[in-house]
Asker: 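Pasting a structure below so you can have a look.
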Amino acid sequence: MSSSRFSVVLILLVALCGFTLSRDRFPVDPALTYCVQQATKTAASLPATEPNLPRNILNGKKNWNYISYKDWTSGFWPGTLWYIYEYTKDPAWKAKADSFTRELTPLAFQKAVDHDLGFQMYCSFGNGLRLTGNADYKKKLLATADTLATLFNPKVGTILSWPRSVPNMEWPQHNTIMDNMINLELLFWASKNGGGKHLYDIAVSHATTTMKNHFRPDYTSYHVVVYDRETGKKIKGVTHQGYADNSMWARGQSWAIYGYTMTYRETKDPKFLDFAQNVSDVYLKRLPKDLIPYWDFSAPDIPSAPRDASAAAVTASALLELSTFVKDKAKAATYRAKAEQMLESLSSANYQSRQVNDAFLLHSTGHKPNNSEVDASINYADYYYIEALIRLKKLQTGKPILANL
Ligand code: GLY
């Protein structure tokens with residue numbers, strides 16, 4: 001090869017590498033700075049008295065609706081504030097995060113009325129403990145893990161998600177919902193921090209029993225499984241928030257992706273890693289072009305059906321972690337690239353709220369069959385979006401995903 005032709009080939013190769021690298025390096029700081037700006041506006045407009053935790057901004061509206069510590073989403077605003085503190089290192093954000101976190105304290109000690117304790121307390125107190133080492137937060141988390149464990153039914157092998165009558169769930173039989181996988185993180189943490197081995201065993205039993213009963217042969221998930229509370233036998237798989245019993249409800253599948261990735265992290269049992277990949281692959285295969293799912297993969301009005309940005313944010317965060325566990329380099333790179341593309345989509349003018357309202361994101365869907373929070377801004381979309389951005393920043397700077405920034 002002549003030297004001039006060699007130079008041309010070399011230049012092309014360098015340009016190609018540069019292009020590939022830049023495609024892999026989603027610019028995370030502008031997105032995080034945007035989150036800080038939006039949260040600053042939200043924080044400035046909060047009510048002076050409870051309920052003062054932002055939950056949603058409905059489609060076409062400008063203002064947040066607020067909830068108290070009792071709501072299942074109460075941990076997401078304090079958790080978001082902890083991530084903002086982690087990014088900015090500004091003590092003013094730390095003080096805000098601490099104050100909203102403490103509002104949830106009663107949940108640690110009162111009777112469990114729902115499985116959502118992990119969402120509520122681990123996002124708030126859990127992030128707070130990680131960033132501050134506050135011994136008081138640790139005490140509250142350990143107490144909450146014991147409270148959550150009271151919902152475990154050893155005959156079934158899972159936690160009772162809704163300890164009350166819910167339509168179609170054959171109360172007082174035992175119900176378990178896919179979302180419940182996320183709450184296991186609190187139990188895993190507690191078992192390593194003085195809470196006892198039984199909490200680990202409950203978490204593993206829940207994940208294993210759910211793996212057996214909650215999935216169809218193609219790895220798509222039922223939202224809810226109802227069990228006979230005495231024999232532990234599966235009665236039926238149904239939906240509550242999805243389109244149909246047999247459809248793949250987008251956020252339910254996202255909880256599965258996140259939950260099994262986390263369960264592998266905590267157990268190192270390869271069957272959970274395989275499973276996390278299987279439940280991810282079926283979701284990835286069926287996504288629309290911009291990688292933000294419709295609220296249900298079988299919604300009858302696709303492509304006009306509402307999207308669920310929250311499911312995309314949960315999945316992006318989970319895939320970033322999954323990419324660090326998968327040994328096959330090409331597959332790991334695919335999970336990482338998909339997560340970055342999801343974040344790129346979410347960070348575009350199509351999905352960021354910007355001037356529309358003070359949330360981070362538009363276009364999430366909470367409970368479509370109830371016509372509630374359809375195509376709205378919702379606090380958990382914002383929480384998992386900023387979590388994913390912070391995780392990506394850690395990966396881009398060579399830090400483990402759970403280290404502090
Ligand atoms: N945990 C309820 C939901 O995902 O909407």
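When a ligand or atom number is given, it counts from 1 through the structure's own listing order.
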Asker: Determine, stepwise, if the pair Thr315 / Ser254 fulfils side chain to side chain donor-acceptor pair (under 3.5 Å).
Answerer: CA-CA 5 Å; Thr315 303; Ser254 304; 3.0 Å; yes

Asker: N/O of Arg251 under 3.5 Å from N/O of ligand 1, yes or no?
Answerer: yes

Asker: Quick one: do the Arg229 and Asn153 side chains pair a donor with an acceptor below 3.5 Å?
Answerer: no

Asker: Output the distance between atom CG (Leu346) and atom NE2 (His363), rounded to the nearest 0.5 Å.
Answerer: 10.5 Å

Asker: Would Arg216 pass as a cation-pi partner of Tyr222, given that its NZ or CZ must be under 6.0 Å from the six-membered ring centre and within 45 degrees of the axis?
Answerer: yes

Asker: When you measure from atom 2 (C) of ligand 1 to every protein heavy atom, which one gives the shortest distance, and what is it?
Answerer: Asp179 OD2, 3.0 Å

Asker: Going by the atom numbers of ligand 1, which of them fall below 4.0 Å from some non-hydrogen atom of Trp255?
Answerer: 4 (O)

Asker: Using a 4.0 Å heavy-atom cut-off, which part of Gln241 comes near ligand 1: side chain, backbone, both, or neither?
Answerer: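 The answer is the side chain.
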
